[in-house]
Amino acid sequence: MIPDRVTLVEVGPRDGLQNEKQPVDTAVKIDLVHRLQAAGLREIEVTSYVSPKWVPQMADNAQVMAGVYRKAGNRYSVLVPNMLGLQAALAGGDATRPDEVVVFGAASQAFSRRNINCSIEESIERFAPVVAAAREAGLKVRSAISCALGCPYQGEVTPDEVEHLVKLFKQIGVHHCGVADTIGVGTPRKVQAVMERALKHYPVQEVSGHFHDTYGQALANIYACLELGIHTFDTSVAGLGGCPYAKGATGNVATEDVVFMLQGMGIDTGIDLDALVDAGGFISGVLGRPPVSRAGKALLTKRAQVAA
Ligand SMILES: CC(C)(COP(=O)([O-])OP(=O)([O-])OC[C@H]1O[C@@H](n2cnc3c(N)ncnc32)[C@H](O)[C@@H]1OP(=O)([O-])[O-])[C@@H](O)C(=O)NCCC(=O)NCCSC(=O)C[C@@](C)(O)CC(=O)[O-]
């Protein structure tokens, strides 16, 4: 049955901005988070505590976390690739402490090596103490399984390969299973086949989809997930983003497009589409290009016509 309520995890400030070549001001990143939460987003992936040599754009992680005015009941998450990342995320005490950390692995060996410089097995060895320490600190732990529908280096990725990593993350105590189509090659039936593997090990409320829209399949894939009852999705305002280690990957599916579709289906997200479009217009203006979001662009054009 199609769910009547969907949670969107806004990943624009992290996944969306990590790939920007020009440094984005810390104040802009903080402003973006504020605008997103004002639009009703209650789960926001704010930044990542990764090596600044690998992803320079996220080097101001602690300043961004410290600058965000937290709304009660919201969940603010950060990516951590290793213990150093977790320690850095916790070093600033309450002022910078995330509510959730995301550990990220890949269903393909090749992508694991490119993205986090180790094999899948080594990544699990590295993550096990991180997950234990995060749980000990009272944080929720989410996984991101990259390349679940295809890999830029390996090509095809099978549901068996995805399930293998799902099980490994479950064994080390990860609470939530995020399934990511890093290069956007998934199509609805394939997405369902992979999601069914995740649902064998995690309850539906702890499975989410993360779809890049490179081949224009993201909304169809989200609908395919809804058919399975999955009701949590990562999205990125204005369709920002890409992955530094997946050349040519476009951004995540735009939050505006997903909200527009869900509203049209009568599914509650708690998000104010107008305010969201404003947030998308704001960050697109700063980056000097129009939003990738089709709904965002259409609504901004309509507003301009009304104002003229
Ligand atoms: C995992 C590592 C660190 C291994 O990188 P490495 O070079 O193998 O690490 P190392 O342990 O050998 O350390 C090398 C240097 O990095 C430092 N270092 C080590 N760790 C940290 C840290 N946490 N924070 C800050 N500094 C760190 C460490 O201190 C040392 O500094 P040096 O002695 O040379 O001055 C590196 O590969 C890395 O940071 N990778 C992250 C890549 C990344 O962020 N990718 C994008 C996010 S994933 C994504 O976007 C996909 C997703 C989640 O959205 C889902 C999807 O669509 O697929």
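Nothing here was measured: the structure is a model prediction, and the numbers come from that model. In each ligand, atom 1 is the first atom listed, and ligand 1 is the first ligand listed. Along the sequence shown, residues carry numbers from 1.
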Q. Who pairs with Lys71 by salt bridge (charged side-chain N to carboxylate O under 4.0 Å, His left out), at least two apart in sequence or on another chain?
A. none

Q: Could you tell me whether some N/O pair between Ser48 and ligand 1 is separated by less than 3.5 angstrom?
A: no

Q. Relative to the heavy atoms of Asn82, which atoms of ligand 1 are at a distance of less than 4.0 Å?
A. 3 (C), 19 (C), 20 (N), 21 (C), 22 (C), 23 (N)

Q) Can you list the ligand 1 atoms lying under 4.0 Å from a non-hydrogen atom of Asn117? A) 6 (P), 7 (O), 8 (O)

Q: Could you list which atoms of ligand 1 come closer than 4.0 Å to a heavy atom of Ala180?
A: 55 (C), 56 (C), 57 (O), 58 (O)

Q | Residue list, salt bridge (charged side-chain N to carboxylate O under 4.0 Å, His left out) with Asp274, at least two apart or on another chain | A | Arg303

**Q.** Check: Asp181 N/O within less than 3.5 Å of ligand 1 N/O
**A.** no

Q: Select one of side chain, backbone, both or neither to describe which atoms of Glu122 lie under 4.0 Å from any atom of ligand 1, heavy atoms only.
A: neither

Q. Mind checking whether Gly241 has a heavy atom under 4.0 Å from ligand 1?
A. no

Q: Report the part of Asn115 in contact with ligand 1, treating N, CA, C, O as backbone and CB onward as side chain, heavy atoms under 4.0 Å; options are side chain, backbone, both, neither.
A: both

Q: Give the atoms of ligand 1, by number and element, whose distance to some non-hydrogen atom of Arg126 is under 4.0 Å.
A: 1 (C)

Q) For the residue pair Phe211 and Phe233, does the interplanar ring angle fall in the parallel (under 30°), tilted (30 to 60°) or perpendicular (over 60°) class? A) tilted

